[in-house]
Chemist: 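I have a structure I would like to understand better, so I am pasting it below and will then ask my questions one at a time.
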Amino acid sequence: MLRYILKRILYMIPVMFGVIVVVFLMKMITPGDPVDHLLPANASVEQKEAMRDKLGLNDPIIKQFGDYVIGVVTRGDLGTSYATKQSVAGEIFGRLPKTVFIAVWAIFISQIFATPLGILAAVKQNSLVDSIIVVFTMVGASLPNFWLALMLIRWFAVDLKVLPSMYNGTAASWILPIITVSFQSIAMTTRGVRTNMLEVIRQDYIKTARAKGQKESIVVFNHAFRNTLIPVVAGIGSGLAGMIGGSLIVETVFAVPGVGKYVADAVTARNYPSLQGGIIVLALIGTVINMIVDIMYTVVDPRLKTTLLAPSSRKNKTKVAKEGA
Amino acid sequence: MSKITTPAMVKLSKKIEKNANVTSNTPGREALKRLRKNKTAMAGLIIILIMFIVAILAPVIAPYTYTEQDYTATMQGPSAAHIFGTDNLGRDLFSRCVYGTRYSLPIGIICTVIGLLCGGALGLCAAYFGGKVDMVIMRIIDVIQAIPSILLCIALVAILGNGMWQLIVAIAAGSIEGMTKNVRAAVFMVRSNEYVNSSKSIGVSDANIMVRHLLPNAVGMIVINAVGAVSGAILSISSLSYIGVGLVAPTPEWGAILSEGKTYMSVAPHMVLFPGLMIAITVVAFNLFGNGLRDALDPRLK
């Protein structure tokens, strides 16, 4: 088990290295001269040249790349923001808690609603309740989240005047962003729970449990639900990763000063170092979450544990089966 | 062969034809039949078709052009003259939404097709060759997957600049990762079939096996995922336009219209409501149709 965890952690290194390569390539092909953004407009040619030397822009590309990687890895140096002339890494980490706060609450709320709704829909398949839930998941997953956000602002902030329309630091101003993010997540998670539950309910051991006269509630919760937990765990992970990526839009609408808004602002201001720093940080978060999910898989699904720890020939087979599914 | 002449023989031959039709139900035809019976999927398909007709006939359907400004009637609510109301410049919102079908729909489909071609080629190679090829391709995909797709799109637009082709390239690139995985999974399922090994043993070339044997058999799953991907692409287009990258202001793209309208939301909510509904309806339609296709091709899951 420990070996698997260690392997999974080591596996993050090439992925993150790849991300840094991609971001470095972006740096190379982005239009404009960074020196123009960092010095005042009336800077002399000599000053610019000195700045260029200082930033290492006159070095060969290989050396620039090496310096960049070493800077990112050892010092967490993501460059200097064109807009504020501050360290990008510092700015991003200052904003990260807000983004994570929204995502964690949204995940929590969506699990509370989605799991019972999904089970209910699956148990009462093809009934009226099921149809309503299915329609809800379909519509909920299709609404553009920025539109939903604007509609919520209209109802709760403009018409009812009960909640602030923009983030202002108060607890009440967290509510609308969290609702917006959870709504979509509830829809998608419910759908996932229902599909998995339906698949499990068709298994022979459920028939057996019913045939031997087991109580329906025990069949549903003890026999069926426990086996749908695996996709639920995966859903939490991918949902969290997706939310942090999707924070861009929601934070922009509600003016929440999180990482998403930071990156969106960087794009409109063509503030490339901030954008590239944002990519590295968000990619790192996503990769770490995916790693934790993969490890959690083995905890929730004992079958996987035995196969992952078995000799390598069997490991490859499960990998194929897992990825082919 | 002698001609069928007597009435009795004609009757008999017709009967045979009829029976032949009954027995010759291929899995494809069965799936089509199930799809036709699926009311929600057909509703999705009909909405998609209506959207296409609207896009083609936009100048006929729209009562005004999408740039026509009427300063005597700005920010008016829905009325007989302007059924979706007007915006801050007195432009007819219905006309703008109608012209919007000419952006989201084709761009969404083009992005999906480009993404499918690139991702499909990668996924096909990964699944067919396996081993090292698979490993290299999947490690590249892992890197792309690590970057949230909307962030990847935005970064590409920031580098390439605003505009339709830049947007298409960015969204297509963002979809490659998912497409590669889907095609790879679909091909994996058919790869182990005996006819693939037989073809190999009689010396059929790799390219031939991939195109003639693997793709046709994996096409069902690939199409299902592609239809779902169109709705994702349409959402991405409008999201990017909303935050001001991609298609910007005067373009009557739904996300761009919405972005213009948000400033006036407290006085003229219809400026936000209608373009959002257009996006939602289109996305729902593609999702309904995509789900119907999946149920039709894989009735086990229904």
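Bear in mind the structure is a predicted one, so any value in this text is a computation, not a measurement. Residue numbers begin at 1 in each chain, while the letters A, B, ... track the order of the sequences.
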Chemist: Chain A heavy atoms under 4.5 Å from V245(B): which part of the residue, side chain, backbone, both or neither?
Modeler: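 When you check distances to chain A, only side chain atoms of V245(B) fall under 4.5 Å.
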
Chemist: Given that the side chain runs from C-beta out, which part of L160(B) has a heavy atom under 4.5 Å from chain A: side chain, backbone, both or neither?
Modeler: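 Neither part; nothing is under 4.5 Å.
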
Chemist: So which part of I243(B) gets closer than 4.5 Å to some heavy atom of chain A, the side chain, the backbone, both or neither?
Modeler: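 For I243(B), backbone and side chain are both near chain A.
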
Chemist: In terms of heavy-atom pairs under 4.5 Å with chain A, which of V157(B), L258(B), I144(B) leads?
Modeler: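 When all of V157(B), L258(B), I144(B) are compared, L258(B) has the most.
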
Chemist: What option among I154(B), L273(B), I281(B) has the most heavy-atom pairs under 4.5 Å with chain A?
Modeler: L273(B)

Chemist: Can you check whether F17(A) and F24(A) have ring centres sitting under 6.0 Å from each other?
Modeler: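 Between F17(A) and F24(A), the centre distance exceeds or equals 6.0 Å.
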
Chemist: Checking heavy atoms, do the side chain of S238(B), its backbone, both or neither come under 4.5 Å from chain A?
Modeler: both

Chemist: With only heavy atoms counted, which part of L156(B) is less than 4.5 Å from chain A, the side chain, the backbone, both or neither?
Modeler: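 Interface part for L156(B): neither.
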
Chemist: Under a 4.5 Å heavy-atom cutoff, which of A266(A), A141(A), P144(A), P14(A) has the most pairs with chain B?
Modeler: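 Highest number of pairs under 4.5 Å: P144(A).
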
Chemist: Under 30°, 30 to 60°, or over 60°: which ring-plane class applies to Y242(B) and F146(A), parallel, tilted or perpendicular?
Modeler: parallel

Chemist: For the pair F183(A) and F136(A), name the ring-plane relationship: parallel under 30°, tilted 30 to 60°, perpendicular over 60°.
Modeler: perpendicular

Chemist: Which of the residues V139(A), V253(A), V21(A), I153(A) is involved in the greatest number of heavy-atom pairs with chain B at under 4.5 angstrom?
Modeler: V253(A)

Chemist: Donor-acceptor pair, N38(B) side chain versus A41(B) backbone, under 3.5 Å?
Modeler: yes

Chemist: Tell me, out of V272(B), I234(B), I279(B), who's got the most heavy-atom pairs with chain A below 4.5 Å.
Modeler: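 Highest number of pairs under 4.5 Å: V272(B).
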
Chemist: Is there a donor-acceptor pair under 3.5 Å between the side chain of D130(A) and the backbone N or O of N126(A)?
Modeler: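 Answer holds: yes.
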
Chemist: Would you say R191(B) and N217(B) are linked by a side-chain donor-acceptor pair, where the criterion is simply a distance under 3.5 Å?
Modeler: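 No.
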
Chemist: Quick one: does any side-chain atom of W254(B) pair with a main-chain N or O of G276(B) as donor and acceptor, under 3.5 Å?
Modeler: no

Chemist: If you count heavy-atom pairs under 4.5 Å between each of T268(A), T287(A), L248(A), V23(A) and chain B, which one has the most?
Modeler: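 Of T268(A), T287(A), L248(A), V23(A), L248(A) has the most heavy-atom pairs under 4.5 Å with chain B.
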
Chemist: Given heavy-atom pairs under 4.5 angstrom as the criterion, report whether the side chain, backbone, both or neither of R194(A) touches chain B.
Modeler: neither

Chemist: Under the 3.5 angstrom rule, does the side chain of T251(B) hit a backbone N or O of E253(B) as a donor-acceptor pair?
Modeler: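 No, T251(B) side chain to E253(B) backbone: no donor-acceptor pair under 3.5 Å.
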
Chemist: Taking side chain as everything from C-beta outward and backbone as N, CA, C, O, which of these in V22(A) sits under 4.5 Å from a heavy atom of chain B? Side chain, backbone, both or neither.
Modeler: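 Contact with chain B: side chain only.
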
Chemist: Of all of I285(A), L284(A), V263(A), I249(A), which one pairs up most often with chain B through heavy atoms under 4.5 Å apart?
Modeler: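 Highest number of heavy-atom pairs under 4.5 Å: I249(A).
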
Chemist: Side chains of Y128(B) and R184(B) only: does a donor on one sit below 3.5 Å from an acceptor on the other?
Modeler: no

Chemist: Side chain, backbone, both or neither: which part of V267(A) has an atom under 4.5 Å from a heavy atom of chain B?
Modeler: side chain

Chemist: Please identify, among P275(B), A127(B), A280(B), G255(B), the residue contributing the most non-hydrogen atom pairs under 4.5 Å to chain A.
Modeler: A280(B)

Chemist: Would you check if the side chain of S231(B) reaches a backbone N or O of G228(B) as a donor-acceptor pair within less than 3.5 Å?
Modeler: yes

Chemist: So which of G244(B), S149(B), S239(B) has the biggest tally of heavy-atom pairs under 4.5 Å with chain A?
Modeler: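 Ranked by heavy-atom pairs under 4.5 Å with chain A, first place is S239(B).
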
Chemist: Step by step, would you call I47(B) with F286(B) a side-chain contact (heavy atoms from CB on, under 4.5 Å)?
Modeler: CA-CA 9 Å; I47(B) 297 172; F286(B) 273 100; over 6 Å; no

Chemist: Does NZ or CZ of K161(A) fall inside the cone over F156(A)'s six-membered ring, less than 6.0 Å from its centre and within 45° of the axis?
Modeler: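 Cation-pi check for K161(A) and F156(A): fails.
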
Chemist: Counting heavy-atom pairs under 4.5 Å with chain B, which one of I279(A), L275(A), T252(A), L143(A) comes out on top?
Modeler: I279(A)

Chemist: Check whether I140(B) gets within reach of chain A through its side chain, its backbone, both or neither, counting any heavy atom under 4.5 Å.
Modeler: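 Interface part for I140(B): neither.
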
